[in-house]
Amino acid sequence: MVSRMTEPAVLFVCLGNICRSPMAEGAFRAEAERAGLRVTCDSAGTADYHVGEPPDPRAVQTARAHGVEIGHLRGRQLVAEDFHRFSHVLVMDHANLANARAIVPADAPTRPILLLDLVKGREGAAVADPYYGGEENFEYTWDDVTRAARALVTALRQ
Ligand code: 4NP
């Protein structure tokens, strides 16, 4: 597939696609809308554990508390074709990065990077997995993905 992208197409990637990446997708969509920026965005997991499932109820609740609806999203697994379809593939942690790199086609225009590489002072850091944590961990996730979403919107507007 030829990679002609008329507007930014951003894919957020975590392990299960039910906590961090749907929250990142929701936060980014909201920030882009607020900025009047036209974007395509989606999210995916490196694993297939939760394909077809809605986000974790704690992720939905946290996003909702911040005015963003993500309950309609459904899990899917990252595929090689995503590196042709998306201009940005942003992963949550180092395991996601290794798993994503393992399936990038040699001729694809897009390479995965850590989401927090976009945030000044957080380069090289991971968005911690809140799945085994409590409500506060989902708040930390929301904070991280929101900072990254704002940085990305700023970068895309330039
Ligand atoms: P996520 O969190 O990668 O942020 O969606 C997880 C969701 C599910 C599992 C692990 C992490 N799991 O092992 O099922």
Side-chain angles (χ1 to χ4, degrees), residues 8-33 39-105 108 110-153 155-156:
V10 184
L11 182 67
F12 298 93
V13 176
C14 62
L15 173 63
N17 193 207
I18 56 167
C19 298
R20 293 166 292 175
S21 62
M23 292 172 84
E25 178 184 348
F28 177 65
R29 183 171 284 124
E31 292 295 332
E33 262 171 31
V39 291
T40 296
C41 61
D42 194 10
S43 60
T46 57
D48 65 358
Y49 312 145
H50 299 284
V51 171
E53 294 178 18
D56 186 289
R58 299 165 295 175
V60 174
Q61 192 48 47
T62 303
R64 211 170 264 164
H66 291 275
V68 177
E69 186 54 53
I70 62 169
H72 57 290
L73 301 178
R74 293 294 179 269
R76 75 163 176 94
Q77 191 171 20
L78 180 70
V79 293
E81 177 66 15
D82 286 323
F83 297 94
H84 285 286
R85 290 182 50 221
F86 291 89
S87 57
H88 299 71
V89 175
L90 304 170
V91 310
M92 301 297 141
D93 66 29
H94 301 84
N96 306 154
L97 190 59
N99 289 329
R101 281 179 174 156
I103 64 160
V104 181
T110 302
R111 294 286 179 274
I113 64 165
L114 287 169
L115 179 72
L116 289 179
D117 280 350
L118 301 173
V119 180
K120 207 165 164 0
R122 302 288 303 282
E123 298 90 345
V127 177
D129 188 348
Y131 187 63
Y132 296 104
E135 299 289 327
E136 72 278 16
N137 298 86
F138 282 82
E139 278 298 327
Y140 298 148
T141 302
W142 186 259
D143 192 60
D144 278 351
V145 300
T146 298
R147 284 172 200 273
R150 288 180 181 155
L152 182 56
V153 165
L156 291 174

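Worth saying up front: this structure is predicted, and the values here are computed from it rather than measured. In each ligand, atom 1 is the first atom listed, and ligand 1 is the first ligand listed.
Tested against H88, the residues V39, L11, L118, L156 include a single side-chain contact (heavy atoms from CB on, under 4.5 Å) partner, L156. A side-chain contact (heavy atoms from CB on, under 4.5 Å) with R20 is found for one member of V13, V127, L115, D144 and no other, namely V127.
Applying the 4.0 Å criterion to heavy atoms of L15 picks out, from ligand 1, the atoms 3 (O), 10 (C), 11 (C). Shown in contact with D129 at under 4.0 Å from a heavy atom are these atoms of ligand 1, numbered in order with element: 2 (O), 4 (O), 6 (C), 10 (C), 11 (C). Near G16, meaning under 4.0 Å from any of its heavy atoms, are these atoms of ligand 1: 1 (P), 3 (O), 5 (O). Close approach to I18 involves these atoms of ligand 1, each under 4.0 Å from a residue heavy atom: 5 (O), 7 (C), 8 (C). Counting the atoms of ligand 1 from 1 in the order shown, those under 4.0 Å from a heavy atom of Y132 are 13 (O).
For the residue pair P54 and G71, the shortest heavy atom distance occurs at CB-O, 4.1 Å. Contact record, Q77 with V51: N-CG2, 4.1 Å, taken as the closest heavy-atom pair.
Contacts with ligand 1 closer than 4.0 Å are made by side-chain heavy atoms of H50 only, the backbone lying farther away. By the criterion of a heavy-atom distance under 4.0 Å, neither the backbone nor the side chain of F138 is placed next to ligand 1. Of all the heavy atoms of N17, the ones lying under 4.0 Å from any atom of ligand 1 belong exclusively to the backbone.
Ion pairing between a basic and an acidic side chain is recognised when a charged N comes within 4.0 Å of a carboxylate O; R29 and E33 show no such pairing. E69 and R64 are joined by a salt bridge, as a carboxylate oxygen and a charged side-chain nitrogen come within less than 4.0 angstrom of each other.
Close N/O approach between R20 and ligand 1 is found [any backbone or side-chain N/O within under 3.5 Å]. Of the polar atoms of C19, at least one N or O is found under 3.5 Å from an N or O of ligand 1, judged by distance alone.
Contact of the T62 side chain with the E139 side chain is registered, since non-hydrogen atoms from C-beta on lie closer than 4.5 Å.
Judged purely by distance below 3.5 Å, without hydrogens or angles, the side chains of N96 and N99 never pair a donor atom with an acceptor atom.
For atom 1 (P) of ligand 1, the closest non-hydrogen atom of the protein is C14 SG, 3.5 Å. Atom 12 (N) of ligand 1 has as its closest protein heavy atom Y131 CE2, 3.6 Å.
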